[in-house]
Amino acid sequence: MSKLITIIDYGMGNLGSIANMIKHIGHKSNITSDHSHIKEAEKIILPGVGHFDKAMQNINSLGIHDIVKERVLKEKIPVLGICLGMQLLCSTSEEGKEKGFDFINAQAKKFNFNGEQKLKVPHMGWNYTEIKKDSVLFIDKKSEQRFYFVHSYFVDCYNEEDILTHTDYGDKFVSSFIKDNIYGVQFHPEKSHKFGMKLLKNFIEKA
Amino acid sequence: MLRHRIIPTLLLKNNGLVKTTKFKKPVYVGDPINAVKIFNEKEVDELVILDITATNEKKEITYDKIEEIVSESFMPIGYGGGIHKTEQIEKLFKIGVEKIILNSSAFSNPKLIKEASDIYGSQSIVVSIDIKKDFFGNYKIHSNSGTLKQKKELITSVQEFEALGAGEILVNSIDRDGTMTGYDLTLIQQVSNNLTIPMVASGGAGKVEHFSEAINNGASAVAAGAMFVFHGKHRAVLISYPKYEELEKLLNE
């Protein structure tokens with residue numbers, strides 16, 4: 001049965017690709033910043049590419065902040081943050097001064113490779129995810145999963161139980177988290193072909 | 001996961017896909033959207049799309065078509081063709097392109113490489129060069145879809161591009177283009193030995209073994225066009241890509 005996912009449009013991110021992937025896996029999406037649409041949403045995707053502060057400023061000025069907070073914290077609808085969207089679910093980011101949604105006890109921090117490792121920032125390219133706990137996002141824990149990453153900031157989870165996957169880049173960083181109905185992925189499922197399709201399908205059908 | 005990227009290259013002409021042989025006789029191959037949909041299913045990790053007439057015909061980039069292609073692609077896209085200003089680069093990133101590829105403007109306006117990499121980071125800026133052997137057998141760069149021979153020496157040029165901030169150099173052999181007879185391994189060696197940034201080999205791939213050869217001669221990644229759009233000796237149009245597990249087995253030694 002085809003489900004309808006609400007993709008929050010706050011002016012940042014390539015929403016077309018996400019919408020197309022959702023369509024490809026047999027579901028529907030509604031790209032919107034309309035308050036009434038968000039109030040009726042059953043599941044939300046929070047996408048994002050760009051600067052943390054600009055994102056939160058856009059979200060705040062569109063009046064979306066409180067509506068999303070109520071739906072997620074009170075009514076417990078599942079929310080999936082993608083890339084910057086994942087970072088917005090945290091309390092703060094080293095990238096800026098604005099406060100995030102603070103749905104999860106975590107902060108976004110900048111990759112800092114001092115000298116010895118000489119790894120490039122942003123982390124850009126395909127990389128693996130190492131699964132740390134059971135979840136609906138990754139049903140098949142055995143097969144190797146790779147996803148496309150492009151980011152200069154990563155999420156540092158203060159509660160270890162929230163960590164869903166680790167990825168290696170210099171050190172291990174949190175590439176996805178789950179806390180109750182709150183999901184965040186640092187990679188771009190919409191650019192990770194079959195792996196992204198599987199993950200989105202699981203989020204839509206099982207979360 | 002593949003240690004070396006294997007990148008299909010799609011050539012755009014008037015919003016349709018074409019394939020050339022030695023940069024001549026473009027043959028219509030189909031709608032880019034259909035090709036992208038097929039590559040989506042084949043686990044292609046990265047795709048390059050080049051508009052081969054935008055610069056010479058002084059046309060503006062067809063953003064709508066590119067945005068459509070990007071939205072239908074479930075992998076990152078590199079785009080080249082007709083890019084001469086930072087405003088165009090900004091627009092391309094906004095519509096979801098991951099990497100932009102500069103060719104003609106690397107010679108007509110090399111400052112653009114520095115400007116773009118300063119703003120967006122070198123990882124997103126690729127310089128692509130097309131090479132033809134001259135009468136004496138020397139490799140010469142030809143910009144503007146192969147129509148303008150550049151005097152500057154090959155190695156000097158690529159080292160300058162690297163110094164200006166290019167993140168990758170895509171080296172295409174015009175002589176091997178579309179022939180499927182194998183990459184120009186001497187060319188690959190010469191360039192990769194004189195760069196610290198990754199070099200992507202292009203021009204001449206006909207089978208998976210050619211990929212190993214290019215990689216063993218210094219290519220960090222390989223690109224192919226004809227091999228993924230034609231099939232058989234009569235070159236029937238067929239969009240294809242080898243099975244990922246087979247590529248892993250053959251290339252991850």
Side-chain angles (χ1 to χ4, degrees), chain A residues 7 11-25 29 31 47-51 54 82-83 110-111 118-130 143-153 167-169 187-201, chain B residues 1-8 33 36-47 63-78 90-99 117 120-126 165 167-168 196-198 220-221 241 243-245 247-248 252:
Chain A
I7 302 174
M12 292 164 74
N14 301 118
L15 315 178
S17 299
I18 301 175
N20 273 331
M21 188 174 263
I22 290 176
K23 186 166 140 194
H24 186 81
I25 55 178
S29 63
I31 297 177
V49 169
H51 198 285
K54 184 158 202 293
I82 295 177
C83 195
K110 190 163 195 196
F111 277 122
K118 284 228 169 138
L119 283 174
K120 295 186 100 183
V121 179
H123 170 214
M124 181 170 179
W126 289 81
N127 207 337
Y128 297 110
T129 47
E130 191 190 313
S143 70
E144 209 167 58
Q145 307 265 352
R146 66 180 191 278
F147 293 91
Y148 182 73
F149 289 82
V150 52
H151 60 120
S152 304
Y153 292 80
T167 292
D168 257 306
Y169 193 63
F187 45 80
H188 288 271
E190 76 281 11
K191 297 199 192 211
S192 304
H193 48 71
K194 81 171 197 189
F195 303 97
M197 287 189 242
K198 200 86 194 272
L199 185 133
L200 281 182
K201 201 161 163 39
Chain B
M1 187 162 74
L2 286 171
R3 285 202 204 107
H4 303 273
R5 292 166 290 147
I6 298 178
I7 307 167
I33 301 293
V36 152
K37 285 183 174 173
I38 293 172
F39 288 134
N40 279 342
E41 303 302 326
K42 303 263 182 194
E43 287 191 63
V44 169
D45 285 348
E46 186 173 334
L47 198 55
Y63 296 105
D64 286 345
K65 188 65 180 176
I66 298 166
E67 185 166 14
E68 195 193 343
I69 295 172
V70 168
S71 299
E72 295 284 347
S73 317
F74 298 148
M75 77 289 282
I77 302 279
E90 179 177 357
K91 219 167 166 188
L92 286 165
F93 285 137
K94 250 201 168 123
I95 61 178
V97 166
E98 288 296 305
K99 293 183 185 171
S117 56
Y120 300 104
S122 356
Q123 76 287 338
S124 317
I125 311 297
V126 179
E168 280 179 358
T196 64
I197 55 177
S220 303
Y241 191 83
K243 278 213 169 76
Y244 199 83
E245 302 96 64
L247 288 174
E248 277 180 312
N252 285 352

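A, B, ... follow the sequence lines: proteins, then strands. Residue 1 opens every chain.
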- Query: Can you find a heavy atom in the side chain of B:Asp45 that is under 4.5 Å from one in the side chain of A:His193?
  - Reply: yes
- Query: Is any side-chain heavy atom of A:His188 less than 4.5 Å from a side-chain heavy atom of B:Glu98?
  - Reply: no
- B:Phe74 and A:Asn20: side-chain contact (heavy atoms from CB on, under 4.5 Å), yes or no, with the steps? CA-CA 9 Å; B:Phe74 298 148; A:Asn20 273 331; 4.2 Å; yes
- Task: Please flag which part of B:Lys94 lies under 4.5 Å from any non-hydrogen atom of chain A: side chain, backbone, both or neither.
- Result: backbone
- Item | Closest heavy-atom pair and its distance - A:Asn14, B:Ile95 | ND2-C, 3.7 Å
- Note on the structure: Looking only at A:Glu190, A:Arg146, A:Met197, A:Lys194, the option with the highest number of non-hydrogen pairs under 4.5 Å against chain B is A:Arg146
- Note on the structure: Residue from A:Pro122, A:Gly196, A:Pro189 scoring the most non-hydrogen pairs under 4.5 Å with chain B is A:Pro122
- Is it the case that more than 12 heavy atoms not belonging to A:Lys198 sit under 6.0 Å from its NZ atom? no
- Given that the side chain runs from C-beta out, which part of A:Met21 has a heavy atom under 4.5 Å from chain B: side chain, backbone, both or neither? both
- Message: Is A:Val49 close to chain B through its backbone or its side chain, or both, or neither, when contacts mean heavy atoms under 4.5 Å?
- Response: neither
- Note on the structure: Filtered by a 4.5 Å non-hydrogen cutoff, the part of residues 63-72 of chain B contacting chain A is B:Val70, B:Ser71, B:Glu72
- Is a side-chain N or O of A:Tyr128 found less than 3.5 angstrom from the main chain of B:Met1, in a donor-acceptor match? yes
- Note on the structure: CD of B:Glu46 to OH of A:Tyr148, rounded to nearest 0.5 Å, is 7.0 Å
- In terms of heavy-atom pairs under 4.5 Å with chain A, the winner among B:Gly96, B:Ser122, B:Ser73, B:Pro76 is B:Pro76
